[in-house]
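So the structure is just underneath, and the comments pick up after that.
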Amino acid sequence: MTDLAILLKLRFSNFLRLNELKHGGDKKLKNRIIGSIVAYVFVALMLEFYLVALCVSLAAIGSATLILPTVYAISSMAILMFSIFRAGGVIYEHASFDILIPMPLKKSAIVAERFLSMYFEELAFSALFMVTAFVVTALSLSSAITPIFVAIFIIATITLPVLPLTLSTIFGSIIAAISARLKHKSLVKTIISLIFVLAVMALSFSSGYIDDEVSAEIFQTISAAISQFFVAAAFGNALYGEPLLFLLIVLGEMVLLTAVILVIGKFFVKICSAMRESCANMSFKKTAIKQNSTFKAFLKLNLKQYFSSSVYVTNTIIGPILLLAASILSIFFGGYVTEIFEQTGLSKALVTIIPLWVLTLAPTTTAAISMEGKNFYIMRILPIREKDFYNAKLAVNLVINLPSYVISAILLPIFLKVEWANVPAFILIPLGGLLLATVFGLKLNQKNVNFAWKSEAEIVKSGLPVLLAMLVSFVTVIVAGALVLCLEFSALAAIIFFALAMLVSSFVYRSVLKVPLSTLN
């Protein structure tokens, strides 16, 4: 058995933690694992629902030939965005470094095994979406389904995650190599990651335009813009008679992947060792000793912990940055948005759904307790109040999100020319949602705390509290939107929503404070 086969067998012996579920004796752990699996299935079904709606809509307007290329492009971009910060942590995982390096294993096999672990995870979701798109296409264009069509579809589905994951691996390796020997490793990784993700978003938004004449043209314009991605366009052409270019691209992806694995394998030990080093070139200088309250000391500690993790920051701060950018852009494009609402007759208070969604989608509190990791025992033995510990965790999310909220609450009503009756909606609805998401996120983390993580991405990007927080955000947005649409007086809708949010938040907050730190495990 090859080195790669051995490593893959060990990796997937506990796929989805099924081995722990089958043989473990901890009932609480079993319930947590079952809950995680259920949450993943729920998220997959929810995404599947939206995907079916998109595919059916494209078929209904006569754009069935664009269904598969569109889904291919969307899946590729989603894999790239979700793996771009995770890949580096998975490839250069520290937890098993001391165990694997002394073994007689090829370093390229270690890199390949870690890459394939990400590949199979992403393939599970992308294959589900591609099969759905294939079924809708087959029902709409039954005459176009030929053996070559099916063969190209299978090749595309199997290889879809390769390019985005390869690019993510290259990006993660570059960041790791650059920051490995710098004094402030985490700060450098965070800054580079943020610049990259904002650049990708800017390119995505500039890749096409939307014609607002009729809904069919909007769908066609969006689909055409997505299909302009080079690989997706080649895939679309391959399906309907021109497969050579796409097959060459697939071959090129395999060559690139092989080269990346071999190169990383050559420098794998050096990069991992450098990442584990700490800077000692700092002379100690005695300064005045400052005394802070327990809450303030914990707040500083948690903010330092937050900004020391590039994965944590990039997963939670992109939303506030985008909200800030949208608020500033309203200065220049507010008149255009105003015209759209005047033509449709909808209330401008619906704009508040955007900051509400952004501020509730990814609260920092969903991973705040779990981020303590194996050092949490220190918190258990310190003579501190649980209230100060929990309040500091809550305050971090408010510190990160409040600046963009305040700026949006000021700029959006002014430059969208909102009537005075609608102004309370821009203030109360996002604020109520932010406070609700903050305390709910911490409660979810309390119920599903994980101190045994190997990579920060486990708890920050794919933890059960993160998935459940997305569901809470979805319900919150639906409730707020329904109130604004049903009540003609948007100020009343805002007051009712804010009152409900405060009522639920206060109840959840009191339940959070009742949980002793000693019971979290």
Side-chain angles (χ1 to χ4, degrees), residues 50 198 201-202 204-206 209-215 218-219 221-222 316-363 397-398 400-438 469-470 472-502:
Y50 289 119
L198 292 174
M201 288 184 172
S204 299
F205 292 145
S206 63
Y209 67 94
I210 296 178
D211 188 348
D212 59 352
E213 291 183 10
V214 292
S215 59
I218 291 177
F219 270 109
T221 304
I222 293 175
T316 54
I317 208 171
I318 294 298
I321 290 176
L322 291 179
L323 177 59
L324 180 63
S327 302
I328 295 174
L329 288 175
S330 69
I331 299 174
F332 307 100
F333 300 104
Y336 176 73
V337 177
T338 300
E339 290 180 6
I340 293 177
F341 277 92
E342 289 176 351
Q343 292 173 3
T344 58
L346 296 173
S347 171
K348 293 179 183 177
L350 283 174
V351 177
T352 60
I353 299 302
I354 297 175
L356 172 65
W357 177 68
V358 168
L359 295 173
T360 59
L361 187 60
N397 192 59
L398 298 179
I400 300 302
N401 288 279
L402 278 177
S404 59
Y405 156 73
V406 172
I407 293 174
S408 68
I410 294 173
L411 294 182
L412 291 179
I414 294 174
F415 293 100
L416 295 182
K417 300 177 182 178
V418 173
E419 299 83 359
W420 284 106
N422 288 331
V423 171
F426 285 80
I427 299 173
L428 297 179
I429 290 179
L431 180 59
L434 172 61
L435 296 176
L436 180 63
T438 301
M470 293 172 62
V472 172
S473 173
F474 177 74
V475 173
T476 304
V477 168
I478 293 297
V479 171
L483 285 172
V484 172
L485 288 174
C486 294
L487 298 178
E488 294 183 4
F489 190 50
S490 61
L492 178 60
I495 293 172
I496 292 175
F497 176 80
F498 185 76
L500 288 173
M502 288 299 95

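All heavy atoms count here, side chains included; hydrogens, waters and symmetry mates do not.
- To the nearest 0.5 Å, atom CG of residue Asn401 and atom CG of residue Leu431 are 11.0 Å apart.
- Residues that satisfy the side chain to side chain contact (heavy atoms under 4.5 Å, CB included) test with Ser327, not counting sequence neighbours, are Leu323, Ile407, Ser408, Leu411, Leu412.
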Show me, pair by pair, the donor-acceptor contacts under 3.5 angstrom made by side chains of residues 492-500, not counting sequence neighbours?
none

Could you check Val358 against Leu322 for side-chain contact (heavy atoms from CB on, under 4.5 Å), going step by step and ending with a plain yes or no? CA-CA 8 Å; Val358 168; Leu322 291 179; 5.6 Å; no
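- When every heavy atom of Ala425 is checked against every heavy atom of Pro430, the shortest pair comes out as O-CD, 3.4 Å.
- Thr438 pairs by the side-chain hydrogen bond (donor to acceptor under 3.5 Å, both in side chains) definition with Asn397, not counting sequence neighbours.
- Note: Ile414 CD1 to Ile331 CD1 = 9.0 Å, rounded to the nearest 0.5 Å.
- In this structure, OH on Tyr405 lies 9.5 Å from CD1 on Ile410, to the nearest 0.5 angstrom.
- Here CG of Leu359 is found 10.5 Å from CG of Leu398. Values are rounded to the nearest 0.5 Å.
- A 4.5 Å side-chain heavy-atom check between Thr352 and Leu428 finds every atom pair outside the cut-off.
- For residues 473-483, the pairs satisfying side-chain hydrogen bond (donor to acceptor under 3.5 Å, both in side chains) are Thr360-Ser473, with sequence neighbours left out.
- Under the side chain to side chain contact (heavy atoms under 4.5 Å, CB included) criterion, Val475 pairs with Leu471, Val479, not counting sequence neighbours.
- Here OG1 of Thr316 is found 11.0 Å from CG of Leu361. Values are rounded to the nearest 0.5 Å.
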